[in-house]
Chemist: 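My questions all concern the structure below.
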Amino acid sequence: MIEVEQLEKTYSTGRMATPVLKGISFRINEGEYVAIMGTSGTGKSTLMNILGCLDKPTTGRYLLDDTDVGSLDDDALSHLRNKKIGFVFQQFHLLERSTAMRNVTLPLIYVDEYPEDVEKMAEKALAAVGLTDRRQYRPNELSGGQQQRVAIARALITDPEIILADEPTGALDRKSGLEVMSIFKKLHQQGHTIILVTHDQAVAEHAQRIIVLKDGQITEDRLIKKQRDPDLELGNGEEKR
Ligand SMILES: Nc1ncnc2c1ncn2[C@@H]1O[C@H](COP(=O)(O)OP(=O)(O)O)[C@@H](O)[C@H]1O
Ligand SMILES: [Mg+2]
């Protein structure tokens with residue numbers, strides 16, 4: 001489903017060139033749940049933006065369902081992105097003045113044909129994250145965890161095969177973080193491919209596979225042996241338990 005080969009990304013600003021990704025190769029199959037882990041500044045978000053067709057690599061190849069993403073123009077790229085990928089970010093990026101319902105329907109603006117049953121779709125997406133009773137609430141009337149669940153519902157409304165989440169628990173307390181991780185677990189069980197970026201080992205352990213990034217290169221790519229229920233475990237960076 002996803003295949004990257006010798007991806008490199010260098011940011012060029014004026015005379016300065018910052019090499020960030022230095023030859024990344026891996027495959028991710030349909031239905032996998034993968035965590036991309038690494039400390040701050042190692043290029044996780046850069047890689048995520050490329051996988052999400054928000055940015056292109058400087059060199060290297062990215063095949064998404066056998067489409068060579070590098071060969072697409074901007075229109076084709078956003079079309080592919082809107083069809084296949086749902087995004088969840090650390091900062092929820094919700095419209096502050098809009099209700100949960102309205103926020104959730106936003107990605108539908110970009111689909112080819114605006115569906116007739118938008119309300120029903122939004123209700124279904126909000127139900128999937130357990131927020132049916134908060135449909136008419138605005139972001140400032142919701143907790144951080146609830147806001148992130150609205151953001152997940154927004155990612156789900158186009159029924160994307162792939163969900164990309166960049167530090168989705170990074171702004172949440174432990175309990176809300178666990179709720180969010182249990183939603184990803186459910187989505188994975190329903191067949192979505194999930195790629196989760198985190199600096200937090202305990203969060204990464206919720207996945208089936210961990211790819212470790214260090215200084216723009218992969219230093220580890222391993223499957224996780226599940227010996228215990230990961231729902232019981234989630235650190236949030238600094239907190240010691
Ligand atoms: N648009 C940009 N222009 C220049 N440098 C950038 C840009 N975006 C990220 N970087 C640099 O790339 C490196 C990796 O950033 P990022 O991918 O955000 O890392 P991570 O998500 O792992 O914390 C950092 O050193 C950052 O300063
Ligand atoms: Mg980042």
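Atoms within a ligand are numbered from 1 in the order they appear, just like the ligands themselves. All values reported here derive from a predicted model rather than from experimental measurement.
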Chemist: For atom 17 (O) of ligand 1, grab the closest protein heavy atom and report residue, atom and distance to one decimal in Å.
Modeler: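 Among all protein heavy atoms, the one nearest atom 17 (O) of ligand 1 is T46 OG1, 2.6 Å.
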Chemist: Using a strict cut-off of 4.0 Å, indicate which atoms of ligand 1 neighbour a heavy atom of S40.
Modeler: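 Per the distance check, 23 (O).
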Chemist: What protein heavy atom sits nearest atom 19 (O) of ligand 1, and how far away is it?
Modeler: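 Answer, as residue, atom name and distance: G43 N, 3.2 Å.
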Chemist: For residues I50 and Y62, report the shortest heavy-atom separation together with the two atoms involved.
Modeler: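 Smallest heavy-atom distance, with atoms named: O-CE2, 3.2 Å.
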Chemist: What class does the angle between the rings of F89 and H93 fall in, given that below 30° is parallel, 30 to 60° is tilted and above 60° is perpendicular?
Modeler: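 The rings of F89 and H93 stand perpendicular, inter-plane angle above 60°.
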Chemist: In terms of side-chain geometry, is the basic nitrogen of K84 or D65 positioned less than 4.0 Å from the acidic oxygen of its partner?
Modeler: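 A salt bridge is present here (some side-chain N lies under 4.0 Å from a carboxylate O).
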Chemist: Does the N or O separation between T18 and ligand 1 drop below 3.5 Å for any pair?
Modeler: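 In fact, backbone or side chain, T18 has no N or O that close.
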Chemist: Does a salt bridge link K22 with D215, judged by any charged N lying under 4.0 Å from a carboxylate O?
Modeler: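 So K22 does not pair with D215 through a salt bridge.
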Chemist: Yes or no, since that's all I need: does a protein heavy atom fall within a distance strictly under 4.0 Å of atom 27 (O) of ligand 1?
Modeler: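 For atom 27 (O) of ligand 1 the answer is no, since every protein heavy atom stays at 4.0 Å or beyond.
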Chemist: Counting only heavy atoms not in Y11 (residues, nucleotides, ligands), do more than 12 fall under 6.0 Å from its OH?
Modeler: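 Buried by this count: over 12 neighbours within 6.0 Å.
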Chemist: Among T58, T46, D55, find the residue that satisfies the side-chain hydrogen bond (donor to acceptor under 3.5 Å, both in side chains) test when tested with K9.
Modeler: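 Running side-chain hydrogen bond (donor to acceptor under 3.5 Å, both in side chains) over T58, T46, D55 with K9 returns exactly one hit, D55.
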Chemist: For atom 6 (C) of ligand 1, what's the nearest protein heavy-atom neighbour? Residue, atom name and distance, please.
Modeler: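 Residue, atom and distance for the closest contact: Y11 CD1, 3.2 Å.
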Chemist: Distance alone, cut at 3.5 Å: any donor-acceptor contact between the side chains of E167 and H199?
Modeler: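 E167 vs H199: donor-acceptor pair found between side chains.
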Chemist: Distance under 4.0 Å to a non-hydrogen atom of S45: what atoms of ligand 1 satisfy this?
Modeler: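 Near S45, meaning under 4.0 Å from one of its heavy atoms, ligand 1 has 17 (O), 18 (O), 20 (P), 21 (O).
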Chemist: Report whether any nitrogen, oxygen or sulfur of S45 sits less than 2.8 Å from the Mg ion (ligand 2) (N, O or S, backbone or side chain).
Modeler: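 S45 does place an N, O or S atom closer than 2.8 Å to the Mg ion (ligand 2).
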Chemist: Which protein heavy atom lies closest to atom 20 (P) of ligand 1, and at what distance to 0.1 Å?
Modeler: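 Going by distance alone, atom 20 (P) of ligand 1 is nearest to G41 N, 3.5 Å.
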Chemist: May I ask you to decide whether R138 forms a salt bridge with E96, counting only side-chain N to carboxylate O separations under 4.0 Å?
Modeler: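 Looking at R138 and E96, the cut-off is not met.
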Chemist: Does the residue G38 have a heavy-atom contact with ligand 1, meaning some pair of atoms that are separated by less than 4.0 Å?
Modeler: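 Distance cut 4.0 Å: G38 fails for ligand 1.
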Chemist: Can you tell me which residue and heavy atom of the protein come closest to atom 12 (O) of ligand 1, and the distance to 0.1 Å?
Modeler: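 Sorting protein heavy atoms by distance from atom 12 (O) of ligand 1 puts V20 CG2, 3.1 Å first.
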